[in-house]
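Report on one structure; see the data block that follows.
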Amino acid sequence: MFYTNGNAFQLLNLQTFILTKRYKYMGVLSFLFSSSLGRKLIMAVTGISLIAFLLVHCLINATVFFNDGGKTFNEAAEFMAHNWFIRTTEILLFVGLLLHIIQGIYLVFDNRKKRSAKYSGKAGNANSTWYSRSMGLLGSIVLIFLVLHLKHFWVVSRFEIPHGLNDENLFAEMVAVFENPIAVIVYVIGCFGLTYHLMHGFGSAFQTFGINHKSYTPFINSVGMAFSFVIPLIFAAIPVVMHLGLIK
Amino acid sequence: MGNSMKINLQVWRQKNAKTEGRFETYQVNASPDMSFLEMFDVLNEELIEDGKEPVAFDHDCREGICGMCSMVINGRPHGPKQAVTTCQLHMRSFNDGDTVVVEPWRANAFPVVKDLSVNRSAFDRIISSGGFVSVNTGNAVDANSILISKEVADTAFESAMCIGCGACVSACKNASAMLFVGAKVTQLSALPQGQPERESRVVAMVNQMDAEGFGACTNTGACAAECPKEIPLSVIATLNREYYKAKLNGK
Ligand code: HEM
Ligand code: SF4
Ligand code: FES
């Protein structure tokens with residue numbers, strides 16, 4: 001390390017200070033990982049962050065519809081790859097995504113343990129929607145898509161193109177990936193999963209935050225429904241349109 | 001009993017919490033004007049006459065205010081009707097010849113005592129952990145000495161409608177008790193008498209709720225849809241808000 005003997009004692013003090021303070025604050029914040037309401041808060045905060053990310057991501061992707069050979073799209077991708085603010089946010093988002101997945105899986109399995117003997121009679125959709133009861137399944141569909149998607153584009157845009165490992169640009173990469181019909185099908189299924197995940201998730205996150213009043217909740221839910229249809233539709237349209245060769 | 005109807009009942013029979021249960025099939029002749037519990041009374045009379053063990057089920061007021069009559073009927077707590085308890089459900093809600101499946105509340109936090117009767121003392125322990133207000137003993141305080149606006153009184157009253165029946169837990173895929181706890185916290189945090197314990201109350205009640213083995217909330221809304229007293233989902237939002245505020249204040 002870089003300290004001299006002279007100030008080692010001070011540093012030790014500082015370390016003790018940081019440690020004790022940190023534990024004090026962590027004690028207060030431990031509910032985020034130990035209580036049912038804390039875990040839900042993590043799901044909602046990370047979920048809403050992912051929704052904000054989806055909006056930006058979708059706007060950038062939609063530039064391929066200019067049909068300018070990917071000129072605008074590549075410029076935007078270039079900006080996103082080199083802007084320090086975007087790169088920092090990206091790291092936070094990635095941590096958020098991991099938290100969302102880990103807490104999500106924990107909640108699905110832990111909640112299942114609360115009723116060992118199952119019902120024989122089925123309420124079906126009489127008291128709730130099927131997709132609100134299937135967030136784990138829908139999230140898993142999104143996750144399978146996500147692994148493939150990150151491999152297709154994120155790895156290429158962050159590690160290969162900037163280091164000259166790949167002399168293509170990101171738009172050319174898209175054209176190449178979507179030549180494969182199986183990739184197109186996986187992407188469309190992923191978008192369906194996302195639609196239903198968001199149809200419940202968007203409004204649900206506001207409820208988790210404690211934001212619920214009859215004067216504005218119907219509005220939030222309508223925005224959520226519109227978001228859940230429009231954004232995944234634009235995402236899904238891109239591979240389809242590219243596969244059909246309508247955008248080159 | 002003019003127009004009698006035949007009901008094929010599949011009823012959950014379980015000796016006690018330690019033994020396995022199973023469904024038994026019975027046929028009952030009922031009148032459309034009977035309540036669901038009266039139909040069970042008829043069945044039990046017949047079982048006793050035949051020298052068999054009657055079906056154990058909980059009931060008390062039979063007028064929809066005590067919250068005892070817990071039964072899951074064809075997969076839905078208190079049966080197919082909106083905003084009624086089992087004791088207020090009439091047989092005319094079913095058709096002649098229907099097969100009706102009747103089970104107890106199923107939640108690990110509500111162990112079966114016998115047949116359809118479950119132990120809901122987990123709710124009592126949540127209430128004793130914080131669902132109260134402290135008042136000085138001595139002379140009764142004059143009514144209206146504390147002014148409460150109509151709006152606040154209405155909010156508190158809407159939540160105070162909760163009869164602690166547990167239908168919310170039984171309907172929830174996670175067996176979560178948030179609607180019940182939300183109703184209590186909303187009621188007490190709205191009123192001036194509930195202010196001194198406002199923050200410690202919500203934290204204590206949520207801790208107890210988790211410790212009793214109720215699940216977390218996925219906001220599916222099944223609880224509010226099945227609640228016989230139509231407690232709205234917004235009480236859970238209030239619970240969340242109160243809890244996070246208390247946590248931010250270091251409680
Ligand atoms: C871009 C991707 C995603 C977005 C935008 C998203 C968004 C959301 C939102 C807003 C919620 C509601 C939070 C709340 O109720 O307070 C939610 C819940 C949930 N998400 Fe995601 N999510 C995504 C990916 C995933 C993935 C990959 C999984 C994988 C396991 C997942 C699993 C879950 C689960 C299990 C819940 C329900 C938790 C519960 O309340 O019981 N999500 N998601
Ligand atoms: S909130 Fe409704 S369903 Fe739940 S215990 Fe109270 S009255 Fe019963
Ligand atoms: S018996 Fe009291 S509410 Fe049904």
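Just so it is clear: chains get the letters A, B, ... in the order the sequence lines come, proteins before strands, and each one is counted from 1.
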Subject >> Salt-bridge present (Glu199(B), Lys251(B); N to O < 4.0 Å) >> reply: yes
Subject >> Contact origin within Asn74(B) toward chain A - heavy atom pairs under 4.5 Å >> reply: backbone
**OP:** Counting only heavy atoms closer than 4.5 Å, note whether Lys214(A) contacts chain B via side chain, backbone, both or neither.
**Re:** neither
**OP:** Mind checking the OG-CZ spacing from Ser128(B) to Phe123(B)? Nearest 0.5 Å is all I need.
**Re:** 13.0 Å
**OP:** Sort Cys172(B) into side chain, backbone, both or neither according to what part of it lies under 4.5 angstrom from a heavy atom of chain A.
**Re:** backbone
Subject >> chain B contact via Arg133(A) - side chain, backbone, both or neither, heavy atoms under 4.5 Å >> reply: both
Original post:
For chain A, which of Val100(B), Asn174(B), Ile73(B) has the most heavy-atom pairs under 4.5 Å?
Top reply: Asn174(B)
Subject >> Heavy-atom proximity to chain A below 4.5 Å, by part of Phe110(B) >> reply: neither
**OP:** Select, from Cys217(B), Ala109(B), Ala171(B), the one with the greatest count of heavy-atom pairs under 4.5 Å involving chain A.
**Re:** Cys217(B)
Subject >> Structural part of Leu233(B) lying under 4.5 Å from a heavy atom of chain A >> reply: both
**OP:** Can you tell which part of Val102(B) gets under 4.5 Å to a heavy atom of chain A, answering side chain, backbone, both or neither?
**Re:** neither
Original post:
Ser234(B), Ala225(B), Cys223(B): which one forms the most heavy-atom pairs within less than 4.5 Å of chain A?
Top reply: Ser234(B)
Original post:
chain B heavy atoms under 4.5 Å from Thr217(A): which part of the residue, side chain, backbone, both or neither?
Top reply: neither
**OP:** Indicate, with yes or no, if the rings of Trp105(B) and Tyr119(A) have centres closer together than 6.0 Å.
**Re:** no
**OP:** Check each atom of Ser170(B) against the heavy atoms of chain A and say whether the ones under 4.5 Å are side chain, backbone, both or neither.
**Re:** both
Original post:
Do you know which of Ser34(A), Gly38(A), Ala126(A), Ser36(A) has the most heavy-atom pairs under 4.5 Å to chain B?
Top reply: Ser36(A)
**OP:** Evaluate the side-chain proximity of Val101(B) to Phe23(B): yes if any heavy-atom separation is below 4.5 Å, no if none is.
**Re:** yes
**OP:** Kindly compute the distance separating CD1 (Ile231(A)) from CG (Leu194(A)), expressed to the nearest 0.5 Å.
**Re:** 9.5 Å
Subject >> Which atoms of Pro104(B) approach chain A - backbone, side chain, both or neither, heavy atom under 4.5 Å >> reply: backbone
**OP:** Verify the ring-centre separation between His200(A) and Tyr196(A): is it less than 6.0 angstrom?
**Re:** no
Original post:
How are the rings of Phe31(A) and Tyr243(B) set relative to one another: parallel (under 30°), tilted (30 to 60°) or perpendicular (over 60°)?
Top reply: perpendicular
**OP:** Report yes or no: does Gln14(B) contribute a side-chain atom to a donor-acceptor pair with the main-chain N or O of Asn16(B) at less than 3.5 Å?
**Re:** yes
Original post:
At a heavy-atom separation under 4.5 Å, does Leu37(A) approach chain B through its side chain, its backbone, both, or neither?
Top reply: both
**OP:** Report the option among Arg76(B), Arg241(B), Arg106(B), Met209(B) that has the most heavy-atom pairs separated by less than 4.5 Å from atoms of chain A.
**Re:** Arg106(B)
**OP:** Tell me whether the centres of the aromatic rings in Tyr187(A) and His149(A) are closer together than 6.0 Å.
**Re:** yes
Original post:
Are the ring centres of Phe235(A) and His57(A) closer than 6.0 Å?
Top reply: yes
